[in-house]
Amino acid sequence: MLQNDLLLRTLRGEKTERTPVWMMRQAGRYLPDYMALKAKYSFFERCERPELATEITIQPVEQVGVDAAIIFSDILVVPQAMGLEVQMIEGKGPFLPDPIKQYSDLKRLIVPDVNEKLGYVFDALRLTKKELNGRVPLIGFAGAPWTILCYMVQGKGSKTFDEAKAFCYTQPETAHKLLQQITDTTIAYLKGQVQAGADVIQIFDSWGGLLGPADFENLSLKYIRQIVDALKDEVLTIIFAKGAWQSLDAMAATGAHGLGIDWCIKPSYARQLAGNNITLQGNFDPAKLLSPIPVIEQEVKEMLKAFGPGRHVANLGHGILPNVPVDHARAFVDTVKNYSHS
Ligand code: CP3
């Protein structure tokens, strides 16, 4: 049914003619056609109106030629559905005016009926599936419970998420109760995404790298494992825990099909840690897309060589930056598509 299923076959560990490629945060951010929609509609309007979300999701497939689409939405629709107000402030990022600070704040939260609160994401997935008409697979996603807790407690972006960490270290029972509520919501949400047509699910743990190995296990991986367990027999799964390379072996043991890595770890070392039975995804430094095109081409080839053939999905090591010229993004994608390992 799919005309291009390179991503799915690579995640299953099958041999493919070439390495598949997509870019984290490819929907939105740097594309001029996205900017035009951004000028007309608010962030959550773009998420909530299926025809807008679908248009934004398909733009990079048509304009940059990636091998997969990722649904346009945000990880913070989950805390929103659980009852917290989330604002997206232009130039600043997310802002949650009434963050969770103590046990009594949990009373303000619900584990929602996902069809009622997040049905618009399922509608967007169904419409996108229809519009893609089998061109490429569609990726659904959610934030890892730890990363969602970071925003729910800190109330905004942070380099350290010190308040979120202090919350977990001083009120561990409350923290685990919250993490479990987020996990239960996320499992229902992702199952709904699969029913609506998502071919692959990626879990974004953007702040996993802030935790040492033992805390990563206790506060993050324990909950990611529940999500992967609930999904892995139904859908292909990718865990991307930025900066948490020390736990690649433990992440591989969850049974996920793919692991995202950032540019700070060598592909050969990541492979050694993760073992041979899992696909690695990454790991081009997103800032390098600002280099001249010949430099991008050269460095992408070096990356592909370092990963070797098979069990690799070419991607960035984190989201694409808003100021990347479209022809540079295209050079990244084209270099992967034209590369041969022989
Ligand atoms: O990958 C895609 O293109 C699909 C859409 C997507 C968005 N957010 C849209 C968005 C995805 C997968 C995300 C995930 C997300 N959101 C993460 C995890 C990935 C990562 O980059 O670490 C995180 C931490 C968030 C939270 C969030 N949303 C932040 C910190 C911000 C502000 C700054 C920014 O651009 O990262 C957002 C806003 C947001 N989400 C934008 C987009 C396109 C930019 C705002 C806009 O265009 O109006």
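Whatever order the structure lists ligands and atoms in, that order sets their numbers, starting from 1. In what follows, every heavy atom counts, from backbone to side chain, and hydrogens, waters and symmetry copies are set aside.
With Ala27, Ser73, Gly28 as candidates, the residue nearest to atom 9 (C) of ligand 1 on a non-hydrogen basis is Ser73. Which of Asp74, Thr57, Ile139 comes nearest to atom 27 (C) of ligand 1 through a heavy atom is settled by distance: it is Asp74.
Taking only nitrogen or oxygen atoms, main chain and side chain alike, Thr147 does not reach within less than 3.5 Å of ligand 1. Looking at Arg29 next to ligand 1, an N or O pair under 3.5 Å apart turns up.
Near Tyr34, meaning under 4.0 Å from any of its heavy atoms, are these atoms of ligand 1: 43 (C), 46 (C), 47 (O), 48 (O). For ligand 1, the atoms closer than 4.0 angstrom to any heavy atom of Pro94 are 27 (C), 29 (C), 30 (C), 31 (C), 32 (C). For ligand 1, the atoms lying closer than 4.0 Å to a non-hydrogen atom of Lys38 are 46 (C), 47 (O), 48 (O).
Note that OG1 of Thr186 and CD of Gln193 are 9.5 Å apart. Values are rounded to the nearest 0.5 Å.
Gly93 counts as a contact of ligand 1, since one of its heavy atoms falls under 4.0 Å from the ligand.
The protein heavy atom nearest to atom 4 (C) of ligand 1 is Ile71 O, 3.5 Å. Remark: minimum distance from atom 24 (C) of ligand 1 to any protein heavy atom is reached at Tyr151 OH, 3.4 Å. In terms of protein heavy atoms, atom 25 (C) of ligand 1 is closest to Ile75 CG1, 3.5 Å.
Under 4.0 angstrom from ligand 1, the non-hydrogen atoms of Gln26 all belong to its backbone.
Test Phe307, Phe332, Trp263 against Phe284 for ring-ring contact (aromatic ring centres under 6.0 Å, His included) and you get one pass: Phe332.
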